Amino acid sequence: MNLSLYTITAFLIIDTDGHRVLAKYYHPKNHPQGESKKLLTLKEQRAFEKGLWQKTKKAGGDIILYDGHLAVYKHSLDLIFYLIGDPSENELMLHSALVAFSDAVHLLLRNQVEKRGVLENLDLVLLCLDETIDDGVIVETDSTTIASRVSRPRADTTEIVINEQTLMNAYQTVKEQMKQRIGQL
């Protein structure tokens, strides 16, 4: 039984053609059971992803046990989001983390969660992933909290009008201050 906080082995986004859009594998060095020896090489990862995609490419499920890993997945237009964990992990916790991540991405991308939108906003998606999972540990399961931490700050709503009058005022102020300083010498 795993009593540690390290619950996530990998996070994947695969398109409907089976191509990797985003993959992040977690191999924490300070895991209580030692560093994982599974899915270390790119070849192993690609083979795992291809087989997993073959099993999950049709919509209709949420959870699958594949190749000694528990995979929780969610379809979204032309993408499939996956959270991979050990078979002994709590499926509900993995599912709630995946739903929180997915909903946060939907909020940030204004419901335009498709391959092109994800690639164009990859920085937001990665920040969203980092706010949800940190080195294999689920740190947040509330989508609005994740989205608020990731969202870009809005521009200040008070507009600053710069015209000739404001430039002349600034010039006059600098001119007067220079006169005062020179007069003090």
Side-chain angles (χ1 to χ4, degrees), residues 2 4-57 62-109 113-143 145-147 149-151:
N2 182 11
S4 75
L5 295 175
Y6 297 100
T7 56
I8 307 296
T9 305
F11 174 82
L12 307 169
I13 300 178
I14 299 177
D15 67 8
T16 52
D17 298 327
H19 300 109
R20 175 194 283 192
V21 176
L22 173 68
K24 193 164 186 178
Y25 288 85
Y26 300 100
H27 302 288
K29 295 183 180 357
N30 51 355
H31 192 285
Q33 297 172 348
E35 192 173 351
S36 174
K37 303 295 183 217
K38 295 180 183 178
L39 304 172
L40 289 176
T41 66
L42 182 62
K43 186 177 179 181
E44 290 174 341
Q45 292 171 0
R46 293 285 181 154
F48 176 78
E49 292 166 16
K50 184 177 179 183
L52 182 63
W53 175 78
Q54 286 291 330
K55 295 284 186 183
T56 61
K57 63 184 172 183
D62 290 334
I63 295 176
I64 188 172
L65 190 60
Y66 175 75
D67 195 29
H69 296 280
L70 178 66
V72 180
Y73 60 98
K74 183 174 182 176
H75 289 263
S76 174
L77 294 178
D78 61 346
L79 298 173
I80 308 171
F81 297 103
Y82 296 93
L83 268 184
I84 313 297
D86 288 331
S88 62
E89 292 301 334
N90 184 344
E91 300 90 2
L92 294 175
M93 190 64 192
L94 294 180
H95 187 264
S96 66
L98 180 63
V99 168
F101 171 80
S102 175
D103 291 348
V105 169
H106 277 274
L107 285 170
L108 291 168
L109 300 184
V113 182
E114 55 190 19
K115 184 177 180 179
R116 180 178 174 185
V118 167
L119 290 174
E120 287 175 353
N121 295 292
L122 194 59
D123 57 340
L124 290 177
V125 174
L126 286 170
L127 284 171
C128 194
L129 178 61
D130 288 341
E131 288 294 330
T132 308
I133 302 165
D134 183 29
D135 203 23
V137 177
I138 298 171
V139 290
E140 187 61 63
T141 57
D142 182 32
S143 59
T145 304
I146 296 166
R149 289 180 185 165
V150 171
S151 63

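Along the sequence shown, residues carry numbers from 1. Values in this document were obtained by computation on a predicted structure and should not be read as measured data.
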**Asked** Got a second to check how far T132's OG1 is from L127's CG, nearest 0.5 Å?
**Response** 10.5 Å
**Message:** Assess the residue pair I133 and V139 against the criterion (side-chain contact (heavy atoms from CB on, under 4.5 Å)); give the C-alpha distance rounded to whole Å, side-chain angles, the decisive distance to 0.1 Å, and a yes or no.
**Reply:** CA-CA 6 Å; I133 302 165; V139 290; 6.0 Å; no
**Request:** Return the minimal non-hydrogen interatomic distance between I84 and H69, and the atom names on each side.
**Result:** CG2-CB, 3.6 Å
**Message:** Does any part of the side chain of L42, heavy atoms only, come nearer than 4.5 Å to the side chain of Q45, both counted from C-beta?
**Reply:** yes
**Request:** Assess the side chains of T56 and Y66: does a donor N or O sit below 3.5 Å from an acceptor N or O?
**Result:** no
**Request:** Can you see which heavy atom on I64 is nearest to which on K55, and at what distance?
**Result:** CD1-CB, 3.6 Å
**Asked** Does a side-chain heavy-atom distance below 4.5 Å link H95 with D62?
**Response** yes
**Item:** Smallest separation among heavy atoms of L70 and P87, with atom names
**Value:** CB-CA, 4.1 Å
**Message:** Using 0.5 Å steps for rounding, measure from the CG atom of L83 to the CG atom of L98.
**Reply:** 4.5 Å
**Request:** Check whether any side-chain heavy atom of I80 lies under 4.5 Å from a side-chain heavy atom of K74, and answer yes or no.
**Result:** no
**Asked** Can you check whether V21 reaches I14 side chain to side chain, under 4.5 Å on heavy atoms?
**Response** no
**Request:** Sequence neighbours left out, what passes side chain to side chain contact (heavy atoms under 4.5 Å, CB included) with T145? Give chain and number order.
**Result:** E140, D142, R149
**Request:** Determine, stepwise, if the pair Y82 / F11 fulfils ring pair (Phe, Tyr, Trp, His ring centres under 6.0 Å).
**Result:** CA-CA 6 Å; Y82 296 93; F11 174 82; 8.9 Å; no
**Request:** Apply side-chain contact (heavy atoms from CB on, under 4.5 Å) to W53 and F48, showing your working.
**Result:** CA-CA 8 Å; W53 175 78; F48 176 78; over 6 Å; no
**Request:** Please round to the nearest 0.5 Å and tell me the distance separating atom OG of S76 and atom CG of L109.
**Result:** 9.5 Å
**Asked** Can you check side-chain contact (heavy atoms from CB on, under 4.5 Å) on D86 and E89, steps first, answer last?
**Response** CA-CA 6 Å; D86 288 331; E89 292 301 334; 4.0 Å; yes
**Asked** How many angstroms lie between atom CD1 of I13 and atom NZ of K115, to the nearest 0.5 angstrom?
**Response** 11.5 Å
**Request:** Identify the two heavy atoms, one from L129 and one from K24, that lie closest to each other, and give their separation to 0.1 Å.
**Result:** CD2-CD, 3.7 Å
**Request:** Give the intermediate values and the outcome of ring pair (Phe, Tyr, Trp, His ring centres under 6.0 Å) for residues F81 and H75.
**Result:** CA-CA 6 Å; F81 297 103; H75 289 263; 9.8 Å; no
**Request:** Find the distance between CG (L52) and CG (L12) and round it off to the nearest 0.5 Å.
**Result:** 7.0 Å
**Message:** Can you tell me how far apart CG (N121) and SG (C128) are? Round to the nearest 0.5 Å.
**Reply:** 11.5 Å
**Asked** Tell me, do M93 and I138 make a side-chain contact under 4.5 Å, heavy atoms counted?
**Response** yes
**Message:** Check this for me: does any side-chain nitrogen of one of D15 and K57 sit under 4.0 Å from a carboxylate oxygen of the other?
**Reply:** no
**Request:** Might you point out which heavy atoms bring E114 and L79 nearest each other, and give the distance in Å?
**Result:** C-CD1, 3.7 Å
**Asked** Between Y73 and I63, which heavy-atom pair has the shortest distance, and what is it?
**Response** CE2-N, 3.9 Å
**Asked** Looking only at atom types and distance, does a side-chain atom of N90 sit under 3.5 Å from a main-chain N or O of L92, one as donor and one as acceptor?
**Response** yes
